[in-house]
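Note that the numbering runs from 1 along the sequence shown for the chain.
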Amino acid sequence: MGTSCNNRQRTFAPASFLYEMMIISFLNYQADEFMDACAGSVFQGRTDDLRQLIGRAFRQGPNSYQDLIYSNYSHIDRTSYAEVLCPLIKLVRYIPNHPYIIAASRWDCESMKRGLRTFLYAHVTQLEDNTRFQQQHQQQQRPGCATSYASRADSFFHWVRTTSADNTSCPYWFSFVGCLMSACLLNGQDCFPTVHEKYPAAVVCQHLATMCRMYNDYGSISRDASEGNLNSINFPKYQPIISTSTSTSDVGVGVGTQKRALFELEEYERACLNNSLRRLTKMARKRAMQF
């Protein structure tokens with residue numbers, strides 16, 4: 001997909017850049033599956049322990065993961081914890097020690113590390129949200145509507161820009177690209193050197209991550225419903241005012257209305273993204289003209 005978009009837009013990014021993005025995409029898909037299928041299963045009901053384990057993986061020094069297991073988890077199933085900790089340590093060691101990351105500016109490198117840590121922590125929070133969502137009564141308030149998520153005190157606006165957006169790994173990918181550009185094109189200087197560029201770049205990343213989450217949820221409503229995963233349309237704000245009739249003709253009307261509302265918000269985020277990109281481009285060109 002990345003190669004097709006590259007050629008269609010006539011960007012013609014270097015093959016080495018496309019290759020690195022393919023590798024990081026592959027790793028992220030694996031990390032996503034690992035956190036849901038393996039870590040989520042081992043730490044079911046003990047997500048605080050999983051958060052601590054992620055933190056230890058980032059702080060792990062030259063000692064082996066077996067040393068960490070035996071020194072901290074003598075009272076639990078060490079084998080299960082090792083199955084989670086070992087891949088985590090491999091991930092958080094491989095990416096920060098990537099040659100292009102090491103050659104990037106300190107700012108871009110630290111930004112990428114924060115993004116990676118936030119990405120993993122967001123998975124834990126998403127696991128907690130999914131568990132609460134599955135435990136609540138699966139009784140729809142109106143026929144044909146998606147189940148309303150009543151357990152979370154957070155608003156949809158905040159959730160879709162934090163936990164949900166970070167869970168896509170988009171912010172961490174964005175920072176990874178910044179490191180590649182810093183190392184390959186800017187001789188280790190900051191990808192966005194001024195505050196006038198850093199700020200709109202962060203806004204671009206935020207709108208991009210939010211839009212990606214909304215599009216992902218739009219296309220996975222049926223799958224999320226069957227798997228018990230929290231979706232954007234499960235938030236109470238999406239509960240439409242429709243007929244209180246329980247006739248079969250009403251079935252699906254609510255979900256259709258909710259999907260249209262989500263799509264409209266997706267297009268809003270796209271417009272915000274495009275506007276932010278224009279402003280970022282303007283700032284970058286303005287700086288370039290000063291030299």
A side-chain contact here means heavy atoms from C-beta on lying under 4.5 Å apart; do [X] and [Y] qualify?
X	Y	result
Lys90	Tyr94	no
Leu88	Met35	yes
Tyr100	Cys179	no
Ser169	Asp32	no
Tyr19	Ile23	yes
Tyr172	Ile95	yes
Leu50	Leu127	yes
Met283	Tyr199	no

Check: Given Asp108 and Ser105, is the side chain to side chain donor-acceptor pair (under 3.5 Å) satisfied, shown in steps?
Finding: CA-CA 5 Å; Asp108 290 311; Ser105 73; 2.8 Å; yes
State the [atom1]-[atom2] distance between [X] and [Y], to the nearest 0.5 angstrom.
X	Y	atom1	atom2	value
Glu20	Ile101	CD	CD1	8.5 Å
Cys191	Met181	SG	CE	4.0 Å
Leu180	Leu186	CG	CG	11.5 Å
Cys272	Gln206	SG	CD	11.0 Å
Leu262	Phe235	CG	CZ	11.5 Å
Asn229	Ile221	CG	CD1	13.0 Å

Next item on the list: Give the intermediate values and the outcome of side-chain contact (heavy atoms from CB on, under 4.5 Å) for residues Tyr215 and Arg270.
Entry: CA-CA 10 Å; Tyr215 273 113; Arg270 180 184 292 277; 3.2 Å; yes
With distance as the sole test, does [X] use its side chain to make a donor-acceptor pair with the main-chain N or O of [Y] at under 3.5 Å?
X	Y	result
Ser155	His158	yes
Asn231	Ile233	yes
Thr168	Ser164	no
Ser25	Met21	yes
Thr163	Thr125	no
Asn234	Thr147	yes
Arg46	Val42	yes
Glu266	Met211	no

Checklist line | Check against salt bridge (charged side-chain N to carboxylate O under 4.0 Å, His left out), Arg213 and Glu269 | finding: CA-CA 11 Å; Arg213 169 50 59 191; Glu269 286 294 336; over 6 Å; no
Next item on the list: Please check if Trp107 and Leu116 belong to a single hydrophobic cluster, counting links between Ile, Leu, Val, Met, Phe, Trp and Tyr side chain heavy atoms closer than 4.5 Å.
Entry: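 Cluster IDs for Trp107 and Leu116 differ.
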Checklist line | Hydrophobic cluster identity match, Val203 and Leu277, side-chain contacts under 4.5 Å | finding: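 Hydrophobic grouping puts Val203 apart from Leu277.
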Of the non-hydrogen atoms in [X] and [Y], which two are nearest, and what is the gap between them?
X	Y	answer
Ala31	Leu91	CB-CD2, 4.1 Å
Asn97	Ile102	O-CD1, 3.5 Å
Arg132	Tyr149	NE-OH, 3.4 Å
Leu265	Phe156	CD1-CE2, 4.0 Å
Pro171	Cys205	CA-SG, 3.4 Å
Ser232	Trp159	OG-CZ3, 3.7 Å

Notebook entry, point to check: Within a radius of less than 6.0 Å around CD of Gln44, do more than 12 heavy atoms belonging to other residues, nucleotides or ligands occur?
Noted result: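 Not buried by this count: 12 neighbours or fewer within 6.0 Å.
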Note to self: Other residues, nucleotides and ligands only: do more than 12 of their heavy atoms fall within 6.0 Å of CZ on Arg161?
What the structure shows: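 Counting other residues, nucleotides and ligands, CZ of Arg161 exceeds 12 neighbours.
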Next item on the list: Decide, yes or no, whether a salt bridge links Glu197 with Arg279 under the criterion of side-chain N to carboxylate O below 4.0 Å.
Entry: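 The answer is no: the pair does not qualify as a salt bridge.
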Checklist line | Any side-chain donor near an acceptor of the partner, Asn130 and Gln126, under 3.5 Å | finding: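 Present: a donor and an acceptor within the cut-off.
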Item checked: Any side-chain donor near an acceptor of the partner, Gln189 and Asn187, under 3.5 Å ->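 Checked: Gln189/Asn187 side chains show no N/O donor-acceptor pair below 3.5 Å.
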Margin query: What verdict does the side-chain contact (heavy atoms from CB on, under 4.5 Å) test give for Asp190 and Lys198, after you've listed the backbone C-alpha separation in whole Å, the side-chain angles of each residue and the deciding distance to 0.1 Å?
Written below: CA-CA 9 Å; Asp190 288 357; Lys198 284 182 169 64; 3.1 Å; yes
Next item on the list: On the 0 to 90° scale, with breaks at 30° and 60°, tag the His98-Phe176 ring pair as parallel, tilted or perpendicular.
Entry: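 Geometry flag for Phe176 against His98: perpendicular rings.
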Margin query: Walk me through whether Phe58 and Ile89 qualify under side-chain contact (heavy atoms from CB on, under 4.5 Å).
Written below: CA-CA 7 Å; Phe58 276 95; Ile89 290 179; over 6 Å; no
Checklist line | Tyr218 six-ring face occupied by Lys259 cation (under 6.0 Å, within 45°) | finding: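 Relative to the ring axis of Tyr218, which defines the angle, Lys259 lies inside both limits.
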Item checked: Geometric cation-pi criterion Arg260 and Phe263, 6.0 Å radius, 45° cone ->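 Geometry flag: not set, cation outside 6.0 Å or 45°.
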